[in-house]
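Naming: A, B, ... by sequence-line order, numbering from 1 per chain. Since this is a predicted model, take the numbers as computed values, not measurements.
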Amino acid sequence: MLADSIAVLDFETTGLSPTQQARATEIGVVIVEGGQIVARYQSLMNSGAWVPPFIEQLTGISNAMLRTAPPAAQVMAEVADFVGERPLLAHNASFDQKFWDAELALIRRKRVQPFACSLLLARRLLPMAPSHKLGNLNRWAGLPDTGKAHRALADAEMAANLVSFMAALLRERHGIAEVSHQLLCTLQRVPTAKLSQALHKLREQSC
DNA sequence: TGCCAGGCCCTCTTTAGGGCCTT
């Protein structure tokens with residue numbers, strides 16, 4: 001289990017990047033403490049952006065659903081307070097970090113904590129998995145079905161279960177006694193060719 | 001109403017190209 005309390009988040013959006021005018025349509029966040037999900041937040045968010053048909057088909061989130069959703073600014077203020085200063089984690093964090101930072105900037109707030117990435121960690125710790133897509137990794141690892149894929153809370157719960165799975169692997173297979181968010185951030189930047197050395201060093205440091 | 005990013009990582013590499021991953 002992870003040594004600290006972390007927030008695992010997932011955005012559904014209208015596209016791939018806020019630099020291309022894409023906006024968030026839904027956010028899901030789970031708080032993980034002691035290897036357990038102890039709190040959840042999920043909300044659709046209405047930014048006024050148009051959802052393309054491809055995205056509507058992928059996520060099931062329609063323009064009609066967003067018309068009655070709370071304003072994006074209200075949701076972002078609520079979810080930023082919900083997360084607080086907990087360190088963050090997402091699957092392919094570079095994607096969610098861009099939207100988190102961009103949506104916060106629109107309400108004149110700034111991220112105060114680092115992001116860890118379960119995709120970078122899975123590529124290092126689970127190189128034998130045939131695919132590192134979030135849903136495929138969860139099925140491959142035999143983790144619980146969390147609901148409809150490509151909805152924010154279900155995907156956040158999948159990422160949370162995946163990071164707990166990898167934390168257990170670090171403890172049981174690699175002998176690292178205390179797996180913290182900071183350790184995950186260190187590990188995700190280790191070049192894959194130097195992974196064995198890095199794991200050995202981390203094991204020595206944790207004893 | 002609609003075009004299409006960017007970081008990581010491997011290899012047939014490093015003065016590059018292409019697949020993977022996120023919506």
Span that lies between the C1' atom of B/dC8 and that of B/dC3, in whole angstrom: 24 Å
Salt bridge flag under 4.0 Å for residues A/R109 and A/D81: yes
Length of the CG-P vector between A/L137 and B/dC20, whole Å: 14 Å
Co-members of the apolar cluster containing A/L58 [side chain, <4.5 Å]: none
C1' gap between B/dC21 and B/dT15, integer Å: 28 Å
Distance between C1' atoms of B/dT23 and B/dA5 (Å, rounded): 11 Å
Residues A/E157 and A/R40 bridged, charged N to O under 4.0 Å: yes
Pick out the pairs of N or O atoms, protein on one side and nucleotides 21-23 of chain B on the other, that lie under 3.5 Å.
unit_1	atom_1	unit_2	atom_2	d
B/dC21	OP1	A/H132	N	2.5
B/dC21	O2	A/N92	ND2	3.0
B/dT22	OP1	A/L134	N	2.7
B/dT22	O4'	A/N92	ND2	2.9
B/dT23	OP1	A/D155	OD2	3.3
B/dT23	OP2	A/H150	ND1	3.4
B/dT23	O3'	A/E12	OE1	2.7
B/dT23	O3'	A/T13	N	3.1

Whole-Å gap separating P (B/dG7) and CZ (A/R189): 16 Å
Donor-acceptor pair, side chain of A/E12 and main chain of A/T25, under 3.5 angstrom: no
A/V32 side chain reached by A/V163 side chain, heavy atoms, under 4.5 Å: no
P gap between B/dG19 and B/dC12, integer Å: 14 Å
Atom P, compared across B/dT11 and B/dC4: separation rounded to whole Å: 32 Å
Remaining members of hydrophobic cluster (4.5 Å side-chain criterion), A/W100: A/L9, A/F11, A/L16, A/I27, A/V29, A/I31, A/V38, A/Y41, A/M45, A/V75, A/M76, A/V79, A/F82, A/V83, A/L88, A/F95, A/F99, A/L104, A/I107, A/F115
More than 12 heavy atoms from other groups under 6.0 Å of CD on A/Q57: no
Whole-Å distance separating the CD atom of A/Q21 from the P atom of B/dG6: 12 Å
Separation of the P atoms in B/dG18 and B/dT14, to the nearest angstrom: 13 Å
Earlier contact from the 5' end, DNA chain B, for A/T192 and A/T19: A/T19
C1' atoms of B/dT1 and B/dC9, separation to the nearest Å: 37 Å
